[in-house]
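What follows is a short report on a single structure.
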Number of protein chains: 2
Amino acid sequence: MSEWYQHAAAVLPNPSGNIAERRMAPPALAISTVIFALKPSVNSGRPTLWLPLVRRIREPFKGQWALPGGPLVHDESLQEAASRNLLETTGLAPRYLEQLYAFGGLHRSPSQRVVSIVYWALVQSEEAELPGEEENVRWFRADRVQGLAFDHQEIVDYALWRLRNKMEYASIAYHFLGEYFTLAQLREVYEAVLDRPLDPANFRRHVTNAAGIEPSDRYLQGGKHRPPRLYRYTGPAPSSTTAPNSTSAENRGTP
Amino acid sequence: MSEWYQHAAAVLPNPSGNIAERRMAPPALAISTVIFALKPSVNSGRPTLWLPLVRRIREPFKGQWALPGGPLVHDESLQEAASRNLLETTGLAPRYLEQLYAFGGLHRSPSQRVVSIVYWALVQSEEAELPGEEENVRWFRADRVQGLAFDHQEIVDYALWRLRNKMEYASIAYHFLGEYFTLAQLREVYEAVLDRPLDPANFRRHVTNAAGIEPSDRYLQGGKHRPPRLYRYTGPAPSSTTAPNSTSAENRGTP
DNA sequence: ACAAAAGTGTTAGGTTTACACCCATGG
DNA sequence: CCATGGGTGTAAACCTAACACTTTTGT
């Protein structure tokens with residue numbers, strides 16, 4: 001895993017060295033994915049944003065952490081490639097998956113020109129346990145990552161910005177949670193991602209007025225206080241169909 | 001021009017035919033651009049959205065109209081490729097240029113797998129005259145295009161959606177206009193793109209309260225009535241730097 | 001003077017925000 | 001019965017849409 005730059009290069013006429021030859025080779029095409037999950041902070045226990053990275057085991061940036069990714073394999077759409085990517089890294093099927101951006105700067109990789117089409121994904125916290133044995137995959141706090149290989153720091157920053165931005169107007173927070181959730185849990189998701197406290201009363205109204213969320217007749221038992229009602233998300237599930245068509249979307253600017 | 005699919009294929013180990021061989025070839029990488037300009041409608045004379053298309057002169061979809069595009073040439077970033085693209089088609093440097101989406105479906109092109117990274121651009125109407133001699137480049141009304149080659153119809157529809165969407169929250173309308181413009185002209189831009197009338201009084205307030213627009217001490221003379229004041233856009237000009245970093249942005253969903 | 005567009009004022013309605021308050025449950 | 005989070009009510013502040021009205025020019 002994660003040694004695809006080498007692999008991609010092997011397909012090309014001239015893998016290395018000769019500059020004149022290199023200019024003739026078409027850029028390699030790669031797919032990478034920024035995967036977000038909420039996990040309890042080690043200190044406060046409150047949920048915070050985490051993402052998995054893989055350690056590079058070969059030379060461009062050997063030993064440094066990088067986004068999970070791989071070459072674009074034939075007979076596989078861009079989305080499918082990202083999805084497979086996610087499965088191999090976290091063992092999960094994506095709850096939410098959307099294209100982020102195509103990064104194509106000339107010197108992203110020192111050895112060879114690589115164009116990366118990057119996706120971003122949301123997965124559920126509990127299920128997001130790594131396949132154990134993997135020593136070269138580790139979760140990091142999303143706001144603490146640094147020293148990444150290639151331009152992956154910039155990519156992570158942009159994905160974070162997009163997540164925060166989109167969270168404010170689109171119904172994506174649900175994809176961090178299971179089928180049933182309390183409004184307090186949902187609020188904690190928003191507070192973790194947006195990194196600011198929200199008024200519980202106003203949050204309740206905002207979210208119950210929104211379409212796509214339905215109260216169930218179940219309650220969460222076992223708490224210390226009054227058992228909160230459980231809700232379900234019944235809106236569209238763009239899990240594997242976030243394309244430019246239909247009702248999909250991207251993000252919003254800050255102006 | 002516009003015969004780059006062939007050209008790209010020529011670089012690859014196995015240009016055609018053999019399916020087993022074809023699966024080994026990496027997908028070709030192309031850049032295309034959706035270029036928008038406002039031109040007066042032939043009937044009403046009011047400004048409407050237009051875009052330039054190029055006629056295909058070789059076989060996949062020969063004779064049909066397609067988006068301007070070409071292969072990704074070495075020593076040229078994605079943005080630079082799109083920018084060159086735009087220059088060759090309209091003779092203009094882009095006033096606004098932003099990445100739209102990477103289209104990578106398996107069967108976009110019948111002969112060979114092609115991944116297209118598509119940009120969208122805004123140019124000024126008056127200057128957007130074609131280099132005359134070009135018989136294979138023509139402007140079409142954006143809401144009337146049909147029968148395009150490949151999946152370009154879908155791409156145009158998405159670009160249109162994105163333009164309309166982004167127009168509602170970002171300061172991009174200015175890029176259709178010259179340095180000095182009246183508020184009525186600016187309102188006509190919004191009305192043409194959003195395809196609905198706007199209240200002049202409220203529009204004025206909305207736009208004069210927004211940052212990045214300054215009144216000048218000049219007035220537009222020569223009209224039939226009271227000469228309107230001329231304004232200037234003084235906000236950030238993302239003309240060639242619309243990357244995921246900085247204050248750039250993409251679009252907003254239809255939650 | 002009159003028509004028409006430029007530009008200003010005003011008001012009703014909706015949305016957001018802050019916070020007071022009641023409800024229900026475990027201890 | 002009390003502490004605590006679940007859940008409801010309410011009023012000020014703010015934003016938006018609709019439209020009446022005044023101003024300024026060319027004819």
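Chain letters run A, B, ... following the sequence lines, proteins first and then strands; every chain starts at 1. None of these values were measured; they are calculated from a predicted model.
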Using the ring of each side chain (for Trp, its six-membered ring), is B/Tyr158 parallel, tilted or perpendicular to B/Trp161, with breaks at 30° and 60°?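 Parallel.
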Salt bridge present between A/Arg164 and A/Glu168 (N-O < 4.0 angstrom):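 Salt bridge: no.
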Nearest whole Å is fine: how far is [N] [atom2] from [X] [atom1]?
X        : N      : atom1 : atom2 : value
B/Tyr219 : D/dT23 : OH    : P     : 16 Å
B/Gln185 : C/dG7  : CD    : P     : 12 Å
A/Arg204 : C/dC23 : CZ    : P     : 15 Å
A/Arg229 : D/dG6  : CZ    : P     : 14 Å
B/Leu186 : C/dA6  : CG    : C1'   : 15 Å
A/Leu220 : C/dA24 : CG    : P     : 18 Å
A/Gln221 : D/dG5  : CD    : P     : 18 Å
B/His225 : D/dG26 : NE2   : C1'   : 7 Å

Trace of the salt bridge (Lys or Arg N to Asp or Glu O under 4.0 Å) decision for A/Glu88 with A/Arg84: CA-CA 6 Å; A/Glu88 289 169 353; A/Arg84 175 175 55 77; 3.4 Å; yes
Who pairs with B/Tyr174 by ring-ring contact (aromatic ring centres under 6.0 Å, His included), at least two apart in sequence or on another chain? B/Phe181, B/Tyr233
Counting primed atoms plus P, OP1 and OP2 as sugar-phosphate and everything else as base, spell out the protein contacts along nucleotides 13-22 of chain D at 4.0 Å heavy-atom distance: B, S or - for each nucleotide, 5' to 3'. ----BBB---
Measuring from B/Glu135:CD to B/Arg55:CZ, what's the distance to the nearest 0.5 Å? 7.0 Å
NZ or CZ of A/Arg218 within 45° of A/Tyr180 ring axis and under 6.0 Å: yes
